[in-house]
Amino acid sequence: MSSRFTASRFTASRFTGRTEQLTTIATALGEAAPGPVIVTGEPGSGRSALLHRALELTDGARDAVVAVAPVTGPAAGPGRAAVVAATARARAAGRRPVLVLDDAHLAAPAVVRTLRDLHREYNAVILASAPAGVADNLDCLRYEPGLRLVRLGPLSEAEVGAMLRGPAGTPMRPATAAALHAATAGRPALLAELLAALHTGAATRDRDDSADPGGPWRPGELPDLRGRLSEEGERQLTAALDRAWQGLALDRAAELTRLALAAGLTDAAAPVRAFLLLVAGRADEGLAFLDGLADGAWQGRTGQRLVLTRALLLALGLRQTGRAGEALASAVEDGTLSAPRAAAYRAWLQAVTGDLHGAAWTLDGFQADDDPQTTLFARAALAAVALGTERPAQAVFDLRRAVIAAGQVRAELPWLEPLLTASMIDAALLAGRISEAMTLSAEFHAAAEGRDWDAAVALLSVLNTPAPTAGRPERPGVR
């Protein structure tokens, strides 16, 4: 009989893990009179793949697999008749019928009732799958003795990591496994889609990438994924990158930026990629990366983020604050940034790189507007000037307000709040507020698995690193 449930529907890459669920099914098949087994899970959770894998647990000498098409409407009658006939032939040959109904939620209730009747009359085994919570037509099976519900949740990071190995059988790097897990929400269907697009062998080769902020995936070494992922796959990848970035899970974010850039998701990935190169001490590469972006990437909100990132790379990474100011001024001229926001950015960069007179001069001519980032960076610049001119109490005052404002823009600038918090701890210590500094420090270390602290330390190390003396690129334009 025809059925959508055939071996050709599945590939080995769509199945991994599920040891506990397979054990449950194997136990049922080993019983003399097992109850129905219903596999449930969200779309893409691997229900069909698990059902197919479970067929390998049947005994060919004892069991006869009968694939049941999930038919409805006029086809339901012939479908029921075909199932009854196939079951009768199996019984006549002395074998136990194993009735397999994938996508059971699509089947007519009469077909499911036929399976139940055959189960009761001929001891037929029922293996069915359906999305969680939508298979009302399976209600007639739910009160059968020995019923087993096998629920499929997302794959764990460990299961994703175990799915792929390096050439020598070495485990996947934890950050890579975490990135794949995050990019697919642990859903086997999305994972299989992504792996198929990635050319699995190249993505999991065994090599040491401890010096690279993105691990084993470099943009030039990934295949072009544009148009190869579904819309859901692209949405999930973008959301995973946003979560990693906002949570400052930098290793995971670095892996995800490579995937996202290969998939053409430049708006989400480019500012993150450039920033990660900054904290890795590779400002030259960050600037080269920005120079390679198409003009269209420098538009709108993404363009504003890229302009700030370029200024960070120049001022913090290369200690070329003057060039950073020129880049900000160019962004004002072409309408990417407002003049007040560009001035606030410049004043802060001047202050944190030690040009206190330049920062004071920029702030002296500063005209505030209603933009949250303008106010935030102006306040942060005032705090940095106060700290640099040995006025720690004033710095604490300004930093406390800046930290609150940074929390409101964390979605775009998650690194700023931790950096300002670290500065506030130093300022409180210098101001003699030991108790306040200790409390802030304890809270800082405990928050978000220590990621905020790690990000602050990375940025502070950039601020305290001498400027590179060689390999500086020629002055790039804003576009």
Side-chain angles (χ1 to χ4, degrees), residues 175 178 182 213-214 241-257 271-283 286 305 308-309 311-313 315-317 344-345 347-349 351-354 372-388 392 395-431 433 436-465:
L241 175 55
D242 286 344
R243 288 193 299 271
W245 174 233
Q246 293 175 31
L248 291 174
L250 299 185
D251 284 346
R252 185 184 308 168
E255 301 280 7
L256 289 167
T257 58
V272 180
R273 166 75 178 168
F275 181 86
L276 292 174
L277 289 169
L278 168 66
V279 296
R282 295 162 57 186
R305 293 175 65 189
L308 173 59
T309 307
L312 293 172
L313 287 163
L316 306 186
Y345 285 166
W348 180 74
L349 290 171
V352 297
T353 54
Q373 284 199 34
T374 299
T375 304
L376 163 61
F377 277 90
R379 179 70 70 179
L382 287 170
V385 170
L387 195 56
V396 171
F397 176 83
D398 289 322
L399 282 166
R400 187 175 289 119
R401 285 153 181 78
V403 167
I404 294 172
Q408 297 171 352
V409 298
R410 178 149 189 151
E412 289 189 20
L413 306 173
W415 52 269
L416 186 55
E417 183 181 8
L419 181 61
L420 295 176
T421 301
S423 298
M424 186 161 62
I425 293 171
D426 287 344
L429 286 171
L430 291 172
R433 301 180 182 181
E436 180 180 355
M438 296 299 290
T439 299
L440 281 172
S441 180
E443 294 174 349
F444 195 24
H445 279 278
E449 302 177 1
R451 292 173 181 160
D452 280 10
W453 171 259
D454 292 341
V457 168
L459 278 168
L460 289 170
S461 68
V462 171
L463 287 171
N464 293 327
T465 299

Quick one: side chains of residues 421-428, donor-acceptor pairs under 3.5 Å with protein atoms, not counting sequence neighbours, listed by atom name and distance.
residue	atom	partner	partner atom	Å
T421	OG1	E417	O	2.7
S423	OG	L419	O	3.1

Quiz item: Is L387 close to V396 at the side-chain level, that is, under 4.5 Å between some pair of heavy atoms?
Solution: no

Quiz prompt | Where L349 and A311 come nearest, the two heavy atoms and their spacing | solution = CD1-CB, 3.7 Å

Quiz item: Parallel, tilted or perpendicular for W415 and F275, by the 30°/60° rule?
Solution: parallel

Quiz item: If you take all heavy atoms of L313 and G286, which pair is closest and at what distance?
Solution: CD1-C, 3.7 Å

Exercise. With the side chain counted from C-beta on, respond yes when F444 and P418 share a heavy-atom pair under 4.5 Å apart, and no when they do not.
Key: yes

Practice problem: Would you mind reporting whether F377 and L416 have side-chain heavy atoms less than 4.5 Å apart? | Solution: yes

Quiz item: Does R401 count as lying over the ring of F397, i.e. NZ or CZ under 6.0 Å from the six-ring centre, within 45 degrees of the axis?
Solution: yes

Quiz item: Less than 4.5 Å apart, any side-chain heavy atom of L250 and any of L248?
Solution: yes

Practice problem: Side-chain contact test, heavy atoms from C-beta onward, threshold under 4.5 Å: evaluate it for D452 versus E443 and give yes or no. | Solution: no

Quiz item: Can you tell if the side chain of L413 reaches within under 4.5 Å of the side chain of Q373, non-hydrogen atoms only?
Solution: yes

Quiz prompt | Flag side-chain contact, heavy atom, 4.5 Å: R243 against R252 | solution = no

Quiz item: In chain order, what residues pass the salt bridge (Lys or Arg N to Asp or Glu O under 4.0 Å) check against R433, with sequence neighbours excluded?
Solution: E436

Quiz item: Is the shortest heavy-atom distance from the side chain of L316 to the side chain of T353 under 4.5 Å?
Solution: yes

Quiz item: Nearest heavy-atom pair of G317 and A283: which atoms, and what distance?
Solution: CA-CB, 3.7 Å

Self-check item: Heavy-atom closest contact (L420 atom, A406 atom, distance)
Solution: CD1-CB, 4.0 Å

